[in-house]
Visitor: 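One structure, as structure tokens, below. Some questions next.
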Amino acid sequence: MARFSDGAVTDQRFDVNLSILFTELPLLERPAAAAAAGFTAVELWWPWIDTATPEQSELDALKKALEDAGTQLVGLNFYAGRLPGPDRGAVSVPGEESDRFRANIDVAADFAASVGCKALNALYGNRVEGVDPAVQDELALENLVLAARAADRVGAILLIETLNKPESPLYPLVSAPAGVEIVDKVNAATGLGNAKFLLDIYHLAMNGEDVSQVIAAYADKTGHVQIADKPGRGAPFTGELPLEQLLGELRKAGYDGWVGLEYKAADAAASFEWLAPEARPAR
């Protein structure tokens with residue numbers, strides 16, 4: 001497999017998404033697997049699909065697994081429903097899902113604080129049949145304001161992510177401008193300025209957006225980046241996207257944050273050949 005050039009990765013900070021890679025292993029074994037592959041930073045979707053408020057013993061076990069592996073958690077989703085699965089977040093979904101999200105806010109923020117994680121991602125949620133979109137958007141803003149304040153309490157940023165319409169047809173944030181609009185609304189409502197855009201190159205490309213243009217327009221509002229190739233959501237060099245070039249554009253635009261490896265691979269350990277071993281540890 002082709003590799004990123006040494007110059008392209010010198011200043012990049014990569015982390016492994018343990019909710020999409022190494023999924024053949026139990027959750028608590030995945031940090032060690034990432035470490036064995038040479039990485040020292042990881043990220044996670046909310047790991048407990050069935051509950052927004054897991055037992056403290058489960059939280060403690062995950063913290064210990066991260067620490068024992070020597071891996072730093074750099075990104076964590078708030079409760080987002082069944083993900084992977086049909087759900088795309090709970091922020092804008094009235095009723096029980098919104099209640100679960102609110103119950104999860106301090107749980108997720110406090111866990112993030114306990115492991116030094118500085119970024120919390122809140123997926124917006126699908127449109128619900130029979131519910132006025134304006135009602136959902138009002139609820140979403142209320143919940144995102146609460147989440148931004150909790151993130152600020154623990155010294156973290158709140159991330160707002162856009163997805164792609166072909167794979168998430170009921171998700172309303174399917175363009176960079178739509179995501180950034182929510183970022184701006186949350187910051188205006190809180191005055192904290194800690195809401196940021198999660199720039200996922202794969203989702204942007206799947207939506208047919210000009211990724212270079214998005215980077216130029218919104219790098220200053222970006223708090224986290226995720227990558228996968230297109231089509232197929234595989235590792236770099238398995239598709240058509242110029243990921244090395246795009247990450248270079250991000251660096252030139254001033255982005256110096258994490259780049260999450262959020263791609264699919266049947267053999268995660270073998271999928272990292274595109275990245276030299278010396279470029280994998282966090283810097």
Side-chain angles (χ1 to χ4, degrees), residues 1-21 34 37-39 41-43 74-75 119 121 159-168 171 173-180 183 196-283:
M1 179 182 284
R3 271 190 181 175
F4 276 21
S5 63
D6 290 343
V9 297
T10 300
D11 296 321
Q12 300 287 358
R13 295 194 292 161
F14 295 99
D15 73 87
V16 176
N17 187 305
L18 296 181
S19 296
I20 196 170
L21 289 167
F39 293 91
V42 298
E43 61 181 60
V74 299
N121 182 29
L159 296 170
I160 307 296
E161 181 174 10
T162 56
L163 302 181
N164 74 78
K165 194 170 184 64
E167 295 175 327
S168 302
Y171 193 82
L173 307 184
V174 288
S175 72
V180 171
V183 167
K196 300 286 185 179
F197 180 48
L198 196 166
L199 193 157
D200 186 307
I201 290 175
Y202 169 75
H203 288 309
L204 295 171
M206 283 289 290
N207 281 323
E209 294 182 79
D210 183 328
V211 180
S212 294
Q213 207 169 64
V214 171
I215 289 169
Y218 301 124
D220 62 330
K221 295 187 177 186
T222 296
H224 191 70
V225 170
Q226 291 172 334
I227 64 169
D229 215 330
K230 164 188 175 282
R233 200 172 185 175
F237 299 107
T238 60
E240 63 191 31
L241 294 181
L243 290 168
E244 183 174 339
Q245 171 196 319
L246 294 170
L247 292 182
E249 291 172 5
L250 273 160
R251 290 292 304 174
K252 289 178 182 175
Y255 179 76
D256 61 358
W258 293 100
V259 176
L261 309 183
E262 195 186 53
Y263 60 75
K264 298 177 182 178
D267 184 343
S271 78
F272 300 123
E273 292 180 6
W274 59 274
L275 185 61
E278 59 270 21
R280 298 175 190 180
R283 295 185 296 282

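Side chains included, hydrogens not; waters and symmetry mates left out as well; all remaining heavy atoms used.
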Visitor: After noting the C-alpha distance and the side-chain angles of L204 and V211, does the key distance pass the side-chain contact (heavy atoms from CB on, under 4.5 Å) rule?
Guide: CA-CA 6 Å; L204 295 171; V211 180; 4.1 Å; yes
Visitor: Working to the nearest 0.5 angstrom, can you tell me the gap between N121 CG and L159 CG?
Guide: 5.0 Å
Visitor: How long is the straight-line distance from CD of Q12 back to CZ of R280, given to the nearest 0.5 Å?
Guide: 15.5 Å
Visitor: Do Y255 and V225 have side chains that approach each other closer than 4.5 Å (heavy atoms only, starting at C-beta)?
Guide: yes
Visitor: Are F14 and W274 close enough that their ring centers fall under 6.0 Å?
Guide: yes
Visitor: To the nearest 0.5 Å, tell me how far T222 OG1 sits from L199 CG.
Guide: 4.5 Å
Visitor: Identify the heavy atoms of E244 and F4 that sit nearest to each other, and give their distance.
Guide: OE1-CA, 3.4 Å
Visitor: Answer whether the closest heavy-atom distance between the side chains of V16 and E262 falls below 4.5 Å.
Guide: no
Visitor: Once you round to the nearest 0.5 Å, how far does CD1 of I227 lie from CG of L246?
Guide: 9.5 Å
Visitor: So, taking the atom named CG in L163 and the one named OG in S175, what distance separates them when rounded to the nearest 0.5 Å?
Guide: 11.5 Å
Visitor: Does L21 reach the side chain of F272, with side-chain heavy atoms less than 4.5 Å apart?
Guide: yes
Visitor: With R13, which residues qualify under salt bridge (charged side-chain N to carboxylate O under 4.0 Å, His left out), at least two apart?
Guide: none
Visitor: I need the minimum non-hydrogen distance between G179 and I160, along with the two atoms involved.
Guide: O-CG2, 3.9 Å
Visitor: Between N207 and V174 (side chain of the first, backbone of the second, donor and acceptor by atom type, cut-off under 3.5 Å), is there such a pair?
Guide: yes
Visitor: Any side-chain heavy atom of E43 within less than 4.5 Å of one from Q226?
Guide: yes
Visitor: Quick one, K165 and H203 - any side-chain contact, counting heavy atoms below 4.5 Å?
Guide: no
Visitor: Determine yes or no for a side-chain-to-main-chain donor-acceptor pair under 3.5 angstrom, with D229 supplying the side chain and F237 the backbone.
Guide: yes
Visitor: Write down the atom of Y263, the atom of A228, and the distance for their closest heavy-atom approach.
Guide: CB-CB, 3.6 Å
Visitor: Any heavy-atom pair between the side chains of L241 and I201 that's under 4.5 Å?
Guide: yes
Visitor: If we ignore hydrogens and angles and just use 3.5 Å, is the side chain of E249 paired with the main-chain N or O of I215 as donor and acceptor?
Guide: no
Visitor: Does any N or O in the side chain of T238 come within less than 3.5 Å of the main-chain N or O of A235, such that one atom is a donor and the other an acceptor?
Guide: yes
Visitor: How many angstroms lie between atom CG of N164 and atom CD of E209, to the nearest 0.5 angstrom?
Guide: 10.0 Å
Visitor: Show, in sequence, the C-alpha distance, side-chain angles and deciding distance for K196 and V183, and conclude whether the side-chain contact (heavy atoms from CB on, under 4.5 Å) test is met.
Guide: CA-CA 6 Å; K196 300 286 185 179; V183 167; 5.6 Å; no
Visitor: Within a radius of less than 6.0 Å around CD of E167, do more than 12 heavy atoms belonging to other residues, nucleotides or ligands occur?
Guide: yes
Visitor: Ignoring hydrogens, what is the shortest heavy-atom contact between A176 and V214? Give both atom names and the distance.
Guide: CB-CG1, 3.7 Å
Visitor: Does R3 reach the main-chain N or O of E273 with its side chain, forming a donor-acceptor pair under 3.5 Å?
Guide: yes
Visitor: Taking NZ, NE, NH1 and NH2 as the nitrogens, is one of them in E240 or K230 under 4.0 Å from a carboxylate oxygen of the other?
Guide: yes
Visitor: Apply side-chain contact (heavy atoms from CB on, under 4.5 Å) to residues E161 and H224 and explain how you reach the verdict.
Guide: CA-CA 9 Å; E161 181 174 10; H224 191 70; over 6 Å; no
Visitor: Are L275 and F39 close enough, and set up right, to give a side-chain contact (heavy atoms from CB on, under 4.5 Å), and what steps lead you there?
Guide: CA-CA 11 Å; L275 185 61; F39 293 91; 3.8 Å; yes
